[in-house]
Chemist: 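Got a structure for you, questions after.
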There are 2 protein chains.
Amino acid sequence: MQLEKTTKPRQKEGKRGYGDACGLAHALELIGERWALLVMRELMFGPRRFSGLKRDLPGISANVLAQRLAELEERGLVRRAKLPPPASVQVYEATEWGLEAAPVLGVLGKWAARSPLHDPSLPISHVSVMLSLQTMFEAELAGDFEATGRFRLGDVTYLAEVREGRIDVRRGEPGQCDFTVTAEPAQLAGVVYGGAPIDAIRIDGDLALAKRFVTLFPLPSKVA
Amino acid sequence: MQLEKTTKPRQKEGKRGYGDACGLAHALELIGERWALLVMRELMFGPRRFSGLKRDLPGISANVLAQRLAELEERGLVRRAKLPPPASVQVYEATEWGLEAAPVLGVLGKWAARSPLHDPSLPISHVSVMLSLQTMFEAELAGDFEATGRFRLGDVTYLAEVREGRIDVRRGEPGQCDFTVTAEPAQLAGVVYGGAPIDAIRIDGDLALAKRFVTLFPLPSKVA
DNA sequence: CCGTATCCAATAAGATACTG
DNA sequence: CAGTATCTTATTGGATACGG
């Protein structure tokens with residue numbers, strides 16, 4: 001008799017969902033694919049171009065990035081936009097709801113920080129570092145400390161403002177700031193999280209404030 | 001000339017990591033594979049057997065479940081244990097660190113609850129429903145309301161205790177309780193989240209407390 | 001019954017080349 | 001630069017079959 005295995009009926013043709021009403025399962029259908037959350041991470045501080053995303057996501061291939069962006073767009077997490085002239089380039093930006101995924105990134109990252117398998121020597125993007133400042137900031141360590149720092153990481157500038165026990169991190173130039181850090185993302189991470197001496201990064205402005213600033217982001221103890 | 005494509009050097013042979021020092025990327029390497037977080041979900045209220053996991057994860061195949069459990073075990077999130085005699089069966093349980101992933105599940109689920117694509121008609125496990133109560137509980141709606149409910153979902157019994165603006169959900173029999181709900185997980189979800197009438201589920205004990213109880217878990221508004 | 005191991009077909013991911 | 005096309009490899013799911 002002939003083999004008919006190729007004609008087997010499949011209950012869910014074409015889709016590979018979890019078939020589970022749990023919100024968690026649905027979340028994984030939205031952003032559970034490989035690279036999806038890292039793409040969202042790169043969009044958290046504002047619109048990005050395709051090539052920038054590709055550069056900062058080490059090892060992603062163009063077709064996978066294009067597919068992820070298309071999926072995230074059709075799910076309502078990402079939107080294509082055109083930057084106003086004279087730039088007029090196409091960019092990808094997170095929608096409102098997409099930006100609401102920020103706590104997800106924070107909780108995941110914070111949880112993983114306790115992992116004994118974590119390798120901090122790998123490359124890291126400027127978005128990752130600045131987002132980690134937002135995530136790992138500890139209000140109790142800050143007390144009533146106040147400072148505004150400017151961070152020149154490669155060709156992107158961020159602004160981090162500590163005030164009233166909160167931190168606000170965003171892209172752009174501050175109107176004024178107490179100090180300016182100029183470094184590669186990995187160097188900054190080394191100083192804040194790796195115990196590297198602060199002169200591993202260039203600091204202009206109020207060095208004392210900067211020294212205090214970098215102590216506000218404690219790493220949790222490793223689990224093993 | 002001969003094709004030598006199969007001998008291409010691959011920079012990360014055998015592993016498919018993200019090559020990214022970001023904590024988020026590492027989190028995804030730990031629990032980013034398909035099914036991994038859903039397996040963790042099923043372990044959040046205590047040890048489970050292989051067959052129970054397979055039953056409550058709709059559509060997972062035995063080999064994938066076995067592989068996920070093995071990976072989670074070697075990463076320190078899951079541990080094999082043997083239930084004490086007379087049961088003496090092997091179970092899987094979350095480690096301390098694995099249990100610390102609970103907030104991750106909560107944040108993800110809560111975020112996804114705003115999705116317009118969510119289909120609540122799919123099957124749902126008892127763990128999912130009880131975990132969602134923990135997640136979606138709104139302290140402000142509770143005020144100083146106090147109640148202890150027993151939930152018989154299939155062959156598993158849970159206990160949910162609302163007190164001092166907090167909720168505690170766990171497996172087991174309560175010493176005493178105000179009401180007992182007997183239902184399938186989907187029916188309970190329908191009453192709590194779907195606006196189904198409360199008589200869709202069986203309630204013994206204090207009906208008034210139970211009616212109030214099921215109002216403490218508001219769904220966020222859909223995003224589109 | 002409790003898993004494990006193995007095979008196979010379908011998909012997703014990765015590498016690379018190429019086009020407007 | 002911004003993707004698409006194509007091809008290769010890896011992972012997944014489904015169906016058994018197997019050992020305790």
Side-chain angles (χ1 to χ4, degrees), chain A residues 3-20 25 28-29 31-39 42 47-73 78 80-83 86-93 155, chain B residues 2-20 25 28-29 32-39 47-71 73 78 80-83 87-92 155:
Chain A
L3 296 177
E4 304 226 359
K5 285 176 181 171
T6 56
T7 348
K8 281 267 187 53
R10 187 107 16 71
Q11 59 268 51
K12 293 155 192 169
E13 198 64 63
K15 290 287 297 172
R16 203 156 59 139
Y18 289 105
D20 189 326
L28 295 173
E29 287 171 352
I31 50 167
E33 288 111 349
R34 202 166 152 73
W35 295 108
L37 266 186
L38 298 182
V39 171
E42 290 298 317
R48 301 287 306 271
R49 313 180 53 163
F50 189 93
S51 55
L53 294 172
K54 179 145 166 38
R55 185 172 358 98
D56 289 339
L57 293 169
I60 198 173
S61 53
N63 49 5
V64 172
L65 177 56
Q67 188 181 332
R68 274 312 87 92
L69 286 168
E71 291 163 356
L72 293 171
E73 186 181 7
V78 166
R80 283 162 193 256
K82 214 171 186 73
L83 242 41
S88 294
V89 295
Q90 184 191 253
V91 291
Y92 297 88
E93 66 181 1
D155 55 352
Chain B
Q2 286 303 86
L3 296 176
E4 303 225 1
K5 285 176 181 172
T6 55
T7 349
K8 281 270 187 53
R10 189 111 9 76
Q11 58 267 52
K12 293 152 193 172
E13 198 63 62
K15 290 287 297 173
R16 205 157 55 139
Y18 289 104
D20 188 326
L28 295 173
E29 286 171 353
E33 287 112 349
R34 205 167 148 74
W35 295 109
L37 266 185
L38 298 182
V39 171
R48 302 286 306 270
R49 316 182 51 163
F50 188 94
S51 55
L53 294 172
K54 178 145 166 38
R55 185 171 359 96
D56 290 339
L57 293 169
I60 198 173
S61 53
N63 48 7
V64 172
L65 177 56
Q67 188 182 332
R68 276 310 90 90
L69 286 168
E71 291 163 355
E73 186 181 6
V78 166
R80 283 161 193 256
K82 215 172 186 69
L83 242 39
S88 294
V89 295
Q90 184 191 252
V91 292
Y92 297 88
D155 56 351

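Sequence lines set the chain letters: A, B, ... in the order given, protein chains first and strands last, and positions in each chain run from 1.
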Chemist: Assign A:Arg68 to base, sugar-phosphate, or nothing according to its heavy-atom contacts below 4.0 angstrom with the strands shown.
Modeler: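 Answer is sugar-phosphate: A:Arg68 comes under 4.0 Å of backbone atoms only.
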Chemist: Would you say the side chain of A:Arg34 lies within less than 4.5 Å of the side chain of B:Arg16, judging by non-hydrogen atoms?
Modeler: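 The answer is yes; the side chains approach within 4.5 Å.
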Chemist: Reckon B:Gln90 has a side-chain N or O less than 4.0 Å from the OP1 or OP2 of C:dC2?
Modeler: no
Chemist: Are any of B:Arg49's side-chain N or O atoms less than 4.0 Å away from OP1 or OP2 of C:dC2?
Modeler: yes
Chemist: Could you check how far CZ of B:Arg16 sits from P of D:dT8, rounded to whole Å?
Modeler: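 In whole Å, D:dT8 P and B:Arg16 CZ are 18 Å from each other.
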Chemist: Between B:Arg34 and C:dT11, does any side-chain N or O lie under 4.0 Å from OP1 or OP2?
Modeler: no
Chemist: Tell me the interatomic distance from B:Glu29, atom CD, to C:dA13, atom P, rounded to whole angstroms.
Modeler: 15 Å
Chemist: Which label fits B:Trp35 and A:Tyr18: parallel for a plane angle under 30°, tilted from 30 to 60°, or perpendicular past 60°?
Modeler: perpendicular
Chemist: To the nearest Å, give me how far apart CG (A:Leu53) and C1' (D:dC1) are.
Modeler: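 Going from CG in A:Leu53 over to C1' in D:dC1 covers 13 Å.
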Chemist: Return yes if the base of D:dT12 and the side-chain atoms of B:Asn63 contain a donor-acceptor N/O pair under 3.5 Å, otherwise no.
Modeler: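 For B:Asn63, whose side chain was compared with the base of D:dT12, there is no donor-acceptor pair (under 3.5 Å).
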Chemist: Supply the atom-to-atom distance A:Glu42 CD to A:Leu37 CG, rounded to the nearest 0.5 angstrom.
Modeler: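 That separation rounds to 12.0 Å.
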Chemist: Among the candidates D:dG3, D:dG13, C:dA13, find the nucleotide nearest to the side-chain atoms of A:Phe50.
Modeler: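 Given the options D:dG3, D:dG13, C:dA13, the side chain of A:Phe50 is closest to D:dG3.
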Chemist: Nearest to the side chain of A:Arg80, heavy atoms from C-beta on, is which of D:dG3, D:dT12, C:dT4?
Modeler: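 Nucleotide nearest to A:Arg80's side chain: D:dG3.
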Chemist: Tell me: CG of B:Leu38 to P of D:dT12, nearest whole Å?
Modeler: 13 Å
Chemist: Would one find a side-chain N or O of B:Trp35 under 4.0 angstrom from OP1 or OP2 of D:dT11?
Modeler: no
Chemist: Answer yes or no: does a side-chain N or O of A:Ser61 lie under 4.0 Å from OP1 or OP2 of C:dA13?
Modeler: no
Chemist: Please give, in whole Å, the distance from C:dG3 C1' to B:Lys54 NZ?
Modeler: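 Rounding to the nearest Å, NZ of B:Lys54 and C1' of C:dG3 are 11 Å apart.
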Chemist: Closest to the B:Ala62 side chain: D:dT12, C:dT4, C:dG14?
Modeler: C:dT4
Chemist: Quick test of your reading: applying salt bridge (Lys or Arg N to Asp or Glu O under 4.0 Å), list the pairs with at least one residue in residues 52-61 of chain B, sequence neighbours left out, ordered by first then second residue.
Modeler: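 Non-adjacent pairs meeting salt bridge (Lys or Arg N to Asp or Glu O under 4.0 Å): B:Arg48-B:Asp56.
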Chemist: In whole Å, what is the span from the CD atom of A:Glu33 to the P atom of C:dA13?
Modeler: 7 Å
Chemist: Considering only heavy atoms from C-beta outward, does the side chain of A:Leu69 approach that of A:Leu53 to under 4.5 Å?
Modeler: yes
Chemist: Using a cut-off of less than 4.0 Å, is there contact between a side-chain N or O of A:Tyr92 and OP1 or OP2 of D:dG3?
Modeler: yes
Chemist: I need the CG-C1' distance between B:Leu65 and D:dT11, as an integer number of Å.
Modeler: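 Rounding to the nearest Å, CG of B:Leu65 and C1' of D:dT11 are 16 Å apart.
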Chemist: What is the separation between atom CG on B:Leu69 and atom P on C:dA5, rounded to the nearest whole Å?
Modeler: 13 Å
